[in-house]
Amino acid sequence: MLNIGCHLSISKGYEYMGKEALKINANTFQFFTRNPRGGKIKELNKEDIDKLLKIMQENNFAKILAHAPYTMNLCSDKEDIREFAKNMMKEDLERMEYIPGNMYNFHPGSHVGQGVEKGIEYIVKALNEVLTEEQNTIVLLETMAGKGTEIGRSFEELKTIMDKVKLKDKLGICLDTCHINDAGYDVSNIDKVLEEFDKIIGLKYLKAIHLNDSMNERGSHKDRHQKIGEGTIGIKNIEKIINNPILKKLPFYLETPNDLDGYAKEIELLRKLYV
Ligand code: FE
Ligand code: FE
Ligand code: ZN
């Protein structure tokens, strides 16, 4: 079975997201751990979380994916911002232990002119301070489009970060199809992309896919997501991606510009195309 879901809002709680997922025939979903701009986190409601866990169990959900706020920058040039980001991730991961065995995704960060090397140094430092031997959550670095000074625009950059992290087995990669297209990878030849991924990072670290079409050409470094089949990647390539023997067992998360109804239609289409 295709493991697919979409991004859902956490504003009405955990159980609500589980119910929304069921409504659109999804068997997983992604959510922001808090307001995407950062900010205060809601009081943790364990009862609500337990209700979600029950829904997940009864309906055979694949792992769900928490997404860190995209403003969280572990490699800012300002110490207080780096500290803030690190504490945010620490708090998020502590919370993830109430939904153990799932995954947490974050954007490596933007070096804001300090250079990739310096940026990577800060990201590694933060991860080494935050990750614990005991945690039951795999932390995913997302492949980025390379907009501005974003780190993670190539498999090599992600590999460099991972190799310097002491608890490397707590890390994985979330491959975003729009982002790698915009970063310059030829998504129409997914076998070759995965071969390169394997050579540089290792396929065992590939844990999740953000399934998005792109509004822009390959290598544009833009990061504008498009609806499935309506962008430069196209439905034929997306069909190949979800049916790729290496990828087809992984969870897919849609981050396309849609309301719930639009997501339901994309999920229906993708389930039809899945063999
Ligand atoms: Fe993301
Ligand atoms: Fe993404
Ligand atoms: Zn994006």
Side-chain angles (χ1 to χ4, degrees), residues 3-10 26 28-38 62-75 85 88-89 92-93 96 102-110 123 127 137-155 157-158 161 171-185 187 190 193 197 201 205-228 230-233 237-238 241-242 247 250-258 262-263 266-267 270:
N3 293 314
I4 191 159
C6 65
H7 189 89
L8 294 173
S9 166
I10 197 177
T28 183
F29 61 91
Q30 171 179 268
F31 62 100
F32 281 128
T33 53
R34 54 184 93 206
N35 179 315
R37 299 225 139 264
K63 286 179 197 297
I64 56 171
L65 183 57
H67 195 309
Y70 48 75
T71 50
M72 186 183 92
N73 190 6
L74 293 173
C75 60
M88 198 185 271
M89 184 186 265
D92 279 352
L93 288 178
M96 286 301 288
N102 290 290
M103 303 188 290
Y104 178 81
N105 172 72
F106 76 105
H107 296 175
S110 291
I123 296 164
L127 288 171
T137 304
I138 296 294
V139 174
L140 307 184
L141 294 103
E142 182 168 351
T143 59
M144 301 309 293
K147 198 174 58 179
T149 62
E150 268 173 1
I151 291 178
R153 61 174 68 203
S154 68
F155 299 156
E157 284 184 9
L158 296 167
I161 297 170
L171 296 178
I173 300 286
C174 175
L175 191 92
D176 186 311
T177 54
C178 166
H179 293 178
I180 60 169
N181 171 78
D182 290 16
Y185 291 92
V187 181
I190 192 67
V193 172
F197 186 101
I201 300 176
Y205 289 104
L206 184 54
K207 305 286 189 191
I209 309 291
H210 280 166
L211 191 63
N212 304 306
D213 213 324
S214 173
M215 285 190 186
N216 295 100
E217 295 303 319
R218 170 150 78 102
S220 63
H221 302 295
K222 285 279 204 320
D223 189 3
R224 299 279 311 279
H225 301 191
Q226 181 56 291
K227 290 179 182 161
I228 297 300
E230 293 183 21
T232 55
I233 295 175
N237 290 319
I238 285 171
I241 290 168
I242 59 170
L247 303 180
L250 294 176
F252 292 89
Y253 307 91
L254 297 163
E255 301 175 310
T256 45
N258 273 307
Y263 279 132
E266 288 189 346
I267 290 171
L270 293 163

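Each ligand, and each atom within it, is numbered from 1 in the order the structure gives. Note: hydrogens, waters and symmetry copies are ignored here, and every other heavy atom, side chains too, is used.
Residue Asp176: no N/O/S atom is found under 2.8 Å from the Zn ion (ligand 3). Among the backbone and side-chain atoms of His225, an N, O or S atom lies under 2.8 Å from the Zn ion (ligand 3). Inclusion of His225 in the first shell of the Fe ion (ligand 2) is not supported: no N, O or S atom falls under 2.8 Å. For the Fe ion (ligand 1), the set of nearby N, O or S atoms under 2.8 Å includes one belonging to His107. Because the distance cut-off is set at 2.8 Å, His179 qualifies as a neighbour of the Zn ion (ligand 3) through one of its N, O or S atoms.
Side-chain contact between Lys63 and Ile138: absent, with no pair of heavy atoms (C-beta onward) separated by less than 4.5 Å. With a 4.5 Å cut-off on side-chain heavy atoms, Ile190 and Thr177 do not count as touching.
In this structure, the side chain of Arg218 engages the main chain of Gly184 through a donor-acceptor pair within 3.5 Å. Checked by atom type and distance alone, the side chain of His225 pairs as donor or acceptor with a backbone atom of Glu255 at under 3.5 Å.
Distances from the Fe ion (ligand 1) to each N, O or S atom of Glu142 single out OE1 as the nearest. Taking the Zn ion (ligand 3) as reference, Asp223 places its N/O/S atom OD1 nearest. Nearest N, O or S atom of Glu255 to the Fe ion (ligand 2): atom OE1.
Within 6.0 Å of the CD atom in Glu230, the count of heavy atoms belonging to other residues, nucleotides or ligands exceeds 12.
In summary, the aromatic rings of His7 and Phe32 are positioned with their centroids under 6.0 Å apart.
Between the OD2 atom of Asp176 and the ND1 atom of His210, the angle taken at the Fe ion (ligand 2) works out to 100° after rounding to 10°.
The two residues Asp182 and Glu217 have their closest heavy-atom pair at OD1-O, 4.2 Å.
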